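One structure below.
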There are 2 protein chains.
Amino acid sequence: MRFETSTIKDIAKALGLSTSTVSRALRDRYEISEETKKLVLAYAEKVNYRANPIARSLKERRSYSIGIIVSEIANNFFSQVINGIESIAYDKDYHVIISQSHESYKQEKLNVEHLASRSIDGLLIALSSETQDIDYLRNLYAKGLPIVFFDRVPKDFETHKVIANNFKGSFDATEHLILSGKRSIAHLTNSENLSITKERLEGYKAALSKYHIEFKPELVKYCQHGGMHSTELEQAVKELLPLNPDGIFISSDRLTTGCIMALKKTNPEVAYKIAIAGFTNSNLVELFSPSLTSVKQPAFEMGQVATELLISMIEAKRPVTEFETRVLDTELVNITRR
Amino acid sequence: MRFETSTIKDIAKALGLSTSTVSRALRDRYEISEETKKLVLAYAEKVNYRANPIARSLKERRSYSIGIIVSEIANNFFSQVINGIESIAYDKDYHVIISQSHESYKQEKLNVEHLASRSIDGLLIALSSETQDIDYLRNLYAKGLPIVFFDRVPKDFETHKVIANNFKGSFDATEHLILSGKRSIAHLTNSENLSITKERLEGYKAALSKYHIEFKPELVKYCQHGGMHSTELEQAVKELLPLNPDGIFISSDRLTTGCIMALKKTNPEVAYKIAIAGFTNSNLVELFSPSLTSVKQPAFEMGQVATELLISMIEAKRPVTEFETRVLDTELVNITRR
DNA sequence: AAAAAGTGTGCAAACGTTCCCAAAAACGTC
DNA sequence: GACGTTTTTGGGAACGTTTGCACACTTTTT
């Protein structure tokens, strides 16, 4: 089965023009007379001409596509980011190719390399929770692939980055728990590698400190796989409960939902006694039981900003040397318990 | 910024061979001597040669990419389907381009046409709830674009289709409500256009009929926009509550969560008294309150099957004329209320 | 009236592949 | 050692674009 489409050549032949003239007319170049342009445009319209993007890409050495790496699309935070990315990309006539790392370093690397070999023009990536070694990204970047990081960003990598104000989001959530009377607040978080883990931990600590509550390292639990394996969550919960926390602050979307499930499974009684606050962009929080206070990231906007930055890099005439890290504010949403 | 990569020409020059020889050696053709092959392969490895997929696509007149249209990725059913699609596609060296219709016909058409002009080799699509006119798909199909429908399929369109056993899933859920003592069971469902709407309605009716419960049309509410606008759900709920249903069966993922929210918002008291059963692939149902009985579709598998069928069409030497509709069984998951 | 400048068009090369066709090399066979 | 076979290689066109350059024609300038 094959698509039959008309090409510039066909139009040229039909109109008795050269392919160059047709090409230029279609791209509305100044050299072509109005008359000819009209003629060509009209005919192109008639035969429903669509430029072959592959030929164009080959010639121009760019694909007008950008790659996205997220840990998983079945996660409201990431799917909202993707919506933001698409809203900008489509406007600027790029299309996006989404890949999921499922929080696996191996998968992430594989996907990135697959995308790169598919000649994407740029890459938007949130690192997997396993990722420590980003040399493979450095290599691609050095070869000229524009990269913009969002959400989970590496420390020493000079490029544009877009993140939420993790410190403040964390601080606010923790403070909220404190203000509602909690004094023994646990913190369940991602792999220590991640930027978000560090920043959110700092916010948590700062809030404790502000209210003169001692920081206890044993109340902090890390999940190496970002909650992809339910066992790691159950393990963490089992370790935390004996310490009798009266509140828990959870540091990412997947972990938040996973943790509540683990709590319910491990000890339903207690689950309803512990106050929960956590990062999540789920639009279903209102349905959750036990309820929780959520920190929402401006996911859509983050996607938009990251994409704008990436496209500006792609389309820059000269190598970009000035980079920025955009920090967007989170929002604390408090569901009143029924 | 530009990517610098080595090409077949570079290799040919470096090795004093012709491009044709190098190309054949890389593709492991029988005509080339073992010796030359080894030489070429070794060198290619050394310079980290990657075939330019765009050039290849241009020459072979196919892109090795398939388009996907779903209503939204922030929906567990669809994101699981996408995972299934990817699992097969990547194996067969296709990449996927995902587009969201957001249940809008206009957006769906726009996206499909965008994808088609991007020269995808085939299309996997679940129709939007607004879609009635699929002539634009017929046109593309007639021009040679292989299309496989899944979940929401059109009636009179001769191609492969993959669906869940909607009738049975519906029947089971409704029967479950009946067996737990409910007698006045409402049905909240999608736009009447959709195949799933009809099939699920039939299952619902059949269950009622089996237990000699009268079918009351006023207990069935349709949501034209698939629950994308929260107002349509609230409207539907407001209309239903005065009829005092003791159970409600909801016919799709988005609607199920949306309906529970609308119920809670409209009348929290009643929300906990009505027994709820609904189609949903959310992995968070255990957290929901009020709890519900869910009908889970084999989403991952549906994606896999659809992709296999699509790729078989793409790679068929002669036009395919025998089509199949695969029907996969759903699963009824009953959460015991805490 | 000739030179200069401006306008519109076409030729042909290039992007990186694949593959048809022919040519060269290696090998048997008598 | 001349001839047919087989094996291995190379030349070059093609996929559908874009674009530098040259050319022809018209208009303006001096």
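Reckoned from all heavy atoms, side chains included, excluding hydrogens, waters and symmetry mates. Quick caveat: nothing in here was measured; it's all calculated off a predicted structure. A, B, ... follow the sequence lines: proteins, then strands. Residue 1 opens every chain.
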Checklist line | Under the side-chain hydrogen bond (donor to acceptor under 3.5 Å, both in side chains) test, residues paired with A/Ser71 that sit two or more places apart | finding: A/Glu103
Checklist line | Heavy-atom side-chain proximity of B/His160 to B/Leu310 below 4.5 angstrom | finding: no
Notebook entry, point to check: Could you state the CZ-P distance from A/Arg62 to C/dC15, rounded to the nearest angstrom?
Noted result: 18 Å
Next item on the list: For B/Thr7, report the nucleic acid contact type (base, sugar-phosphate, nothing); a contact means any heavy atom under 4.0 Å.
Entry: sugar-phosphate
Where do N or O atoms of nucleotides 7-12 of chain C meet protein N or O atoms at under 3.5 Å, pair by pair?
from: C/dT9; atom 1: OP1; to: A/Thr36; atom 2: OG1; distance (Å): 2.8
from: C/dT9; atom 1: OP2; to: A/Ser33; atom 2: N; distance (Å): 3.3
from: C/dT9; atom 1: OP2; to: A/Ser33; atom 2: OG; distance (Å): 3.2
from: C/dT9; atom 1: OP2; to: A/Thr36; atom 2: OG1; distance (Å): 2.9
from: C/dG10; atom 1: OP2; to: A/Ser18; atom 2: N; distance (Å): 3.0
from: C/dG10; atom 1: OP2; to: A/Ser18; atom 2: OG; distance (Å): 3.3
from: C/dG10; atom 1: OP2; to: A/Thr21; atom 2: OG1; distance (Å): 2.6
from: C/dG10; atom 1: N7; to: A/Arg24; atom 2: NH2; distance (Å): 3.3
from: C/dG10; atom 1: O6; to: A/Arg24; atom 2: NH2; distance (Å): 2.7
from: C/dC11; atom 1: N4; to: A/Ser20; atom 2: OG; distance (Å): 2.7

Margin query: Can you give me the bend angle of the helix from C/dA1-D/dT30 to C/dC30-D/dG1? Use the axis through the first five pairs and the one through the last five, nearest 10 degrees.
Written below: 60°
Next item on the list: Rounded to the nearest angstrom, tell me the gap between atom CZ in A/Arg56 and atom P in C/dG16.
Entry: 17 Å
Next item on the list: Starting at atom NZ of B/Lys38, determine the distance to atom P of D/dT8, rounded to an integer number of angstrom.
Entry: 13 Å
Next item on the list: For A/Phe149, check ring pair (Phe, Tyr, Trp, His ring centres under 6.0 Å) against everything at least two apart and list the hits.
Entry: A/Phe157
Next item on the list: Return the value, rounded to whole Å, for the distance between atom CG of A/Leu26 and atom C1' of D/dT18.
Entry: 12 Å
Note to self: Measure CZ/A/Arg50 against P/D/dT17 and give the value in whole Å, please.
What the structure shows: 12 Å
Notebook entry, point to check: Nearest-Å distance, NZ (B/Lys9) to C1' (C/dT17)?
Noted result: 9 Å
Checklist line | salt_bridge(B/Lys13, B/Asp10) N-O dist < 4.0 Å | finding: no
Notebook entry, point to check: What about B/Lys59, does its side chain sit under 3.5 Å from the base of C/dT17 through a donor-acceptor pair?
Noted result: no
Next item on the list: Please list all pairs passing the ring pair (Phe, Tyr, Trp, His ring centres under 6.0 Å) test where one or both residues lie in residues 29-55 of chain A, with sequence neighbours left out.
Entry: none
Check: side chain to side chain contact (heavy atoms under 4.5 Å, CB included) with A/Ile125: which of A/Ile69, A/Val148, A/Ile68?
Finding: A/Ile69
Next item on the list: Using whole Å, report how far CD1 of A/Ile54 lies from C1' of C/dT18.
Entry: 15 Å
Check: Separation of B/Ile8 atom CD1 from D/dG10 atom P, in whole Å?
Finding: 13 Å
Next item on the list: Using a cut-off of strictly less than 4.0 Å, decide whether B/Tyr64 has a side-chain nitrogen or oxygen near OP1 or OP2 of C/dT17.
Entry: no
Checklist line | Candidates C/dC15, C/dC19, D/dT18 - which lies nearest the side chain of A/Arg61 | finding: C/dC15
Margin query: Starting the side chain at C-beta, find the nucleotide from D/dT19, C/dC19, D/dG16 nearest to B/Arg29.
Written below: C/dC19
Notebook entry, point to check: If you look at every heavy atom in B/Ile54 and A/Ser63, which pair is closest and at what distance?
Noted result: CD1-CB, 3.9 Å
Item checked: Nearest to side-chain heavy atoms of A/Asn52, which nucleotide of D/dT18, C/dG16, D/dG16 -> D/dG16
Notebook entry, point to check: Taking all non-hydrogen atoms of both residues, which atom of A/Tyr90 and which atom of A/His95 are closest, and how far apart?
Noted result: CE1-CA, 4.1 Å
Next item on the list: Return the set of residues passing side-chain hydrogen bond (donor to acceptor under 3.5 Å, both in side chains) with B/Tyr94 (not counting sequence neighbours), or none when no residue passes.
Entry: B/Arg62, B/Glu315
